[in-house]
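Input: a single structure, listed below in structure tokens.
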Amino acid sequence: MFRLDEDFGPFYRSIADDDQLAWAAGGAGRLLASPTVFEDVVKTICTTNCAWSGTIRMVGALVEHLGEGAFPTPLQMAKAPPEFYAGVARAGYRGPYLLALARDVVLKKIDLERLRPQYGLTDEEVEAALLGINGVGPYACAHIMLLLGRYHRLVFDSWTRPAYLKLVGRRKMSDRSIERRFKRYGNFAGLAFWLLLTRDWTDSVEEG
């Protein structure tokens, strides 16, 4: 879940002279992922176009009613009727997407675990596979890829954009311009962007 055998040396060397990111070279950057790619995809879909409270509600319902206290398996989710996603989880438009994804995994129409780096797929192949899942758009794709240890994409959403503009003291800036700021980090551009935005989260933990 932490990919403790992953080598962050190249990333740490690339941020050594960056005043805003050099702090991360002390060991930051390992993002907590779920035990399965399926769980990360489902949870990410549950973050789209809603407040965090909505995400908590949807994931909580999956755990409580389908997983019996743990995150449900694809089979458990596939067996749930559409009415569960609409009425209990209140997943809205995401309901049919979640049910279809679970059924596709059970029927082996898609093997999400093969998206992990050790299976040798290119970033382009992984992106194509993720974007082929109903409910996964550019934001969700970039987010899932971060959790897979594929860090080249910046995660742009209704929180990261304003957070970055606040940090740099700008009122408006295109995604392309932000991407250029992090281009120097190459395959770690998305990770650099995420760590810059969440530095205060680390500070809060240290102070606590």
Side-chain angles (χ1 to χ4, degrees), residues 1-3 30-151 153-163 190 194 198 201:
M1 293 169 68
F2 279 110
R3 293 185 302 276
R30 298 186 187 278
L31 305 180
L32 179 63
S34 301
T36 67
V37 179
F38 173 75
E39 182 174 340
D40 276 331
V41 173
V42 170
K43 286 179 175 177
T44 300
I45 291 175
C46 289
T47 68
T48 58
N49 300 312
C50 68
W52 183 240
S53 58
T55 300
I56 294 174
R57 182 195 68 244
M58 287 181 272
V59 175
L62 295 176
V63 171
E64 179 181 355
H65 298 282
L66 301 183
E68 299 177 352
F71 194 83
T73 65
L75 182 59
Q76 288 172 319
M77 287 186 59
K79 288 182 175 180
E83 293 76 18
F84 166 80
Y85 294 96
V88 179
R90 289 183 289 159
Y93 73 89
R94 306 165 198 81
Y97 297 157
L98 299 176
L99 183 55
L101 174 63
R103 289 175 174 173
D104 283 349
V105 171
V106 170
L107 295 174
K108 301 187 184 304
K109 292 182 178 181
I110 182 172
D111 185 353
L112 294 175
E113 292 304 313
R114 289 195 64 81
L115 302 183
R116 296 186 185 278
Q118 59 263 38
Y119 290 101
L121 296 180
T122 65
D123 288 340
E124 290 74 19
E125 289 171 327
V126 173
E127 285 178 344
L130 289 173
L131 291 173
I133 299 172
N134 287 331
V136 175
Y139 148 73
C141 179
H143 184 268
I144 295 165
M145 292 191 78
L146 276 185
L147 298 175
L148 286 169
R150 298 174 181 270
Y151 305 112
R153 290 290 186 194
L154 277 64
V155 177
F156 289 119
D157 64 11
S158 59
W159 177 76
T160 59
R161 289 187 183 94
W194 184 251
T198 58
W201 296 3

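Keep in mind that the numbers below use all heavy atoms, side chains included, and drop hydrogens, waters and symmetry copies. Position 1 is the first residue of the sequence; numbering continues from there.
Atom CG of Leu148 is separated from atom CD of Gln118 by 9.5 Å, given to the nearest 0.5 angstrom. Note that the CZ atom of Phe71 and the CZ atom of Phe38 stand 6.0 Å from one another [nearest 0.5 Å]. Between Thr47 atom OG1 and Lys43 atom NZ the span is 11.5 Å, to the nearest 0.5 Å. To the nearest 0.5 Å, atom CE of residue Met58 and atom SG of residue Cys50 are 4.0 Å apart. Rounding to the nearest 0.5 Å gives a distance of 7.0 Å between CG of Asp157 and CZ of Arg161.
Among Asp40, Val37, Asp104, the single residue meeting the side-chain contact (heavy atoms from CB on, under 4.5 Å) criterion with Leu112 is Val37.
Looking only at distances, no side-chain donor or acceptor of Glu39 sits under 3.5 Å from a matching main-chain atom of Ser34. Between the Glu64 side chain and the Gly69 main chain, no donor and acceptor come within less than 3.5 Å of each other. No donor-acceptor pair closer than 3.5 Å links the side chain of Thr44 to the backbone N or O of Ala140. Without hydrogens or angle criteria, Arg94 side chain to Ala91 main chain gives a donor-acceptor distance under 3.5 Å.
Note: His143 and Tyr139 have tilted aromatic rings, judged against thresholds of 30 and 60 degrees for the angle between ring planes.
With no hydrogens or angles considered, a side-chain donor-acceptor pair links Tyr93 and Thr48 at under 3.5 Å.
Ion pair Arg150/Glu127 not flagged as a salt bridge, since none of the NZ, NE, NH1 or NH2 atoms sits closer than 4.0 Å to an Asp/Glu carboxylate oxygen.
Within 6.0 Å of the NZ atom in Lys79, the count of heavy atoms belonging to other residues, nucleotides or ligands does not exceed 12.
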